[in-house]
Amino acid sequence: MALDPGTLSQLIGTIRRFVDERLIPAETEVAESDAIPDEIVAGMRDLGLFGLTAPEDYGGLGLTMEEEVLAVFELGRAAPAFRSMFATNVGIGMQGIAIDGTPEQKAKYLPGLASGDIIGSFALTEPEVGSDAGSVRTTARREGDAYVLNGTKRFITNATHASLFTVMARTDPSQKGAAGVSAFAVERGTPGLSTGKVEKKMGQQGAHVCDVIFEDCRVPASALIGGVEGQGFKTAMKVLDKGRLHIAAACVGLSERILDDMLAYAVGRRQFGRPLADFQLLQAMFADSKADAYAARCMVLDAARKRDAGEDVSVEASCAKMFASEAVGRIADRNVQVHGGNGYIREYRAEQLYRDARLFRIYEGTTQIQQIIIAKALTAEAKARAGL
Ligand SMILES: Cc1cc2nc3c(=O)[nH]c(=O)nc-3n(C[C@H](O)[C@H](O)[C@H](O)COP(=O)(O)OP(=O)(O)OC[C@H]3O[C@@H](n4cnc5c(N)ncnc54)[C@H](O)[C@@H]3O)c2cc1C
């Protein structure tokens, strides 16, 4: 349900202060220790960040898509590792249950996910299954009133902290594609479930990914999300549609933050007797960055409003995710250039944000996968118009 304008602007203001006063000052500590301090995680819980999108009936704020992206524009201004801490609860680790779960599954898990007492992870990717997400190899074999899971999931965000996993597994081996895949809610502590070593990543230190391994992991039949086999890929796609707008909004926030950093540096540093900001070649970078960030913001807001109005926004979500993630990459690169040698030095934030931003073009569907989704829809429409 939409918040009234006063409550919404209060929420956005509170998040902005939290980002400015708590998150941005802790960026160096988090990058160096590869961990988010407990008191910051507690602050996130107090602010309700884990439950931004969980339905109100289950203790969440139940934000609309437009409200969510407005909140994420602010949250995205901090180094992306912070958002990662609660993003799986807000998005891919919770939405499968919120959208397609049975009433029992919702009642069991959503309150804990909304409060942040349960950290949820989304386990789709496998060593041999990435962009071709419908070809999941992890199996879930029905045995009486249980399913037995076998397989390995790769690069699973927050898997080390998670107590609940939304797992995509093949229930029908005779169906090679997406139709044979089902989604399961699997609790940590289930015998046969283990997690691998935490991967060393290019950026986003403080956010963690690792393998999740299933070896004869037996879960009750009631763990099947929605209670119907073969719906898992559809659930995953619904989750990713919303997730792509969330990621695009995070890219907008980071773009705007980096542009602020770029300008602050260019105003303060002098060469040839003048501030860097006076040089037209650099001004072109400011202008291009502003246009990139503004275009991304407009796309995200437009797509979010359409989704709230009940429209199918899979093309718009892919456009927004592709454009905003590529845009933040360009802006982060220009920021390094504007910083000159300092842009390459760890003490300045430019090189960290450059590395952090790189991931946005890869996960929740690479740029190439977004291009395929967009182009497939366009060509199908064109063929229909041509009567083919
Ligand atoms: C830090 C991090 C966190 C992640 N978190 C999660 C998570 O929480 N849960 C989860 O399930 N997954 C997660 N992932 C996995 C992520 O979603 C995948 O890495 C991503 O979808 C790409 O899959 P892949 O790595 O197998 O690359 P591949 O699919 O092997 O792709 C390699 C390259 O080929 C291109 N390509 C592939 N197919 C085509 C095609 N048909 N046409 C043109 N180009 C193509 C791709 O665009 C890419 O450039 C995470 C990954 C990382 C790195």
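One is the number of the first residue; the rest follow in order along the sequence. These values consider heavy atoms only, across backbone and side chains, with no hydrogens, waters or symmetry-generated copies. Order of appearance sets the numbers: ligands from 1, and atoms from 1 within every ligand.
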Polar-atom distance check: [X] versus ligand 1, any N or O pair below 3.5 Å?
X      : answer
Lys201 : no
Gln368 : yes
Ile156 : no

Open item on the list: Strictly below 4.0 Å, N to O, side chains only: are Glu27 and Arg257 in salt-bridge contact?
Closed with: yes
Task: Under-4.0 Å salt bridge between Glu143 and Arg218 - done: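 Looking at Arg218 together with Glu143, the answer is yes, because their closest N to O distance falls below 4.0 Å.
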Where is the nearest protein heavy atom to [atom]: which residue, which atom, and how far?
atom                    : value
atom 20 (C) of ligand 1 : Ile362 O, 3.5 Å
atom 41 (N) of ligand 1 : Ile372 CD1, 3.6 Å
atom 9 (N) of ligand 1  : Phe122 O, 2.8 Å
atom 10 (C) of ligand 1 : Thr125 OG1, 3.4 Å
atom 6 (C) of ligand 1  : Phe155 O, 2.8 Å
atom 24 (P) of ligand 1 : Gly130 CA, 3.9 Å
atom 37 (C) of ligand 1 : Ser131 OG, 3.6 Å
atom 39 (C) of ligand 1 : Ile369 CD1, 4.4 Å

TODO: Heavy-atom distances under 4.0 Å are what count here, so tell me which part of Thr366 touches ligand 1: side chain, backbone, both or neither.
DONE: side chain
Open item on the list: Quick check on atom 1 (C) of ligand 1 - does any protein heavy atom sit closer than 4.0 Å to it?
Closed with: yes
Open item on the list: Can you confirm whether some protein heavy atom lies under 4.0 Å from atom 30 (O) of ligand 1, or whether none does?
Closed with: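 So far as the 4.0 Å threshold goes, atom 30 (O) of ligand 1 is out of reach of every protein heavy atom.
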Task: Glu74, Glu256, Glu21 screened by salt bridge (charged side-chain N to carboxylate O under 4.0 Å, His left out) with Arg16, the one that passes - done: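 Only match with Arg16 under salt bridge (charged side-chain N to carboxylate O under 4.0 Å, His left out): Glu74.
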Open item on the list: Can you tell me which residue among Arg154, Lys153, Arg170 is in a salt bridge (charged side-chain N to carboxylate O under 4.0 Å, His left out) with Glu126?
Closed with: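 It is Lys153, the one option of Arg154, Lys153, Arg170 that forms the salt bridge (charged side-chain N to carboxylate O under 4.0 Å, His left out) with Glu126.
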What are the atoms of ligand 1, with element, lying closer than 4.0 Å to any heavy atom of [X]?
X      : result
Leu359 : 1 (C), 2 (C), 52 (C), 53 (C)
Val209 : 1 (C), 2 (C), 3 (C)
Glu364 : 17 (O)

Task: Expected output: side-chain Lys234 to main-chain Ala179 donor-acceptor under 3.5 Å - done: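 Judged by distance alone, no pair lies under 3.5 Å.
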TODO: Check Gln205 against Ala31 and note the closest heavy-atom contact, atom names and distance.
DONE: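 Closest heavy-atom pair between Gln205 and Ala31: CB-O, 3.5 Å.
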Task: Lys/Arg cation over aromatic Phe323: Arg330, 6.0 Å, 45° cone - done: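 Positive - Arg330 is close enough to the ring of Phe323 and near enough to its axis.
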- [ ] Please test Ile15 against Leu49 for side chain to side chain contact (heavy atoms under 4.5 Å, CB included), starting from the C-alpha separation and ending with a verdict.
- [x] CA-CA 9 Å; Ile15 291 176; Leu49 298 185; 4.2 Å; yes
Open item on the list: Looking only at side-chain N and O atoms, does Thr367 offer a donor or acceptor that is under 3.5 Å from a partner on Glu326?
Closed with: yes
Open item on the list: Between Arg349 and Thr28, is the side-chain hydrogen bond (donor to acceptor under 3.5 Å, both in side chains) condition met? List the steps.
Closed with: CA-CA 8 Å; Arg349 201 50 45 74; Thr28 303; 2.5 Å; yes
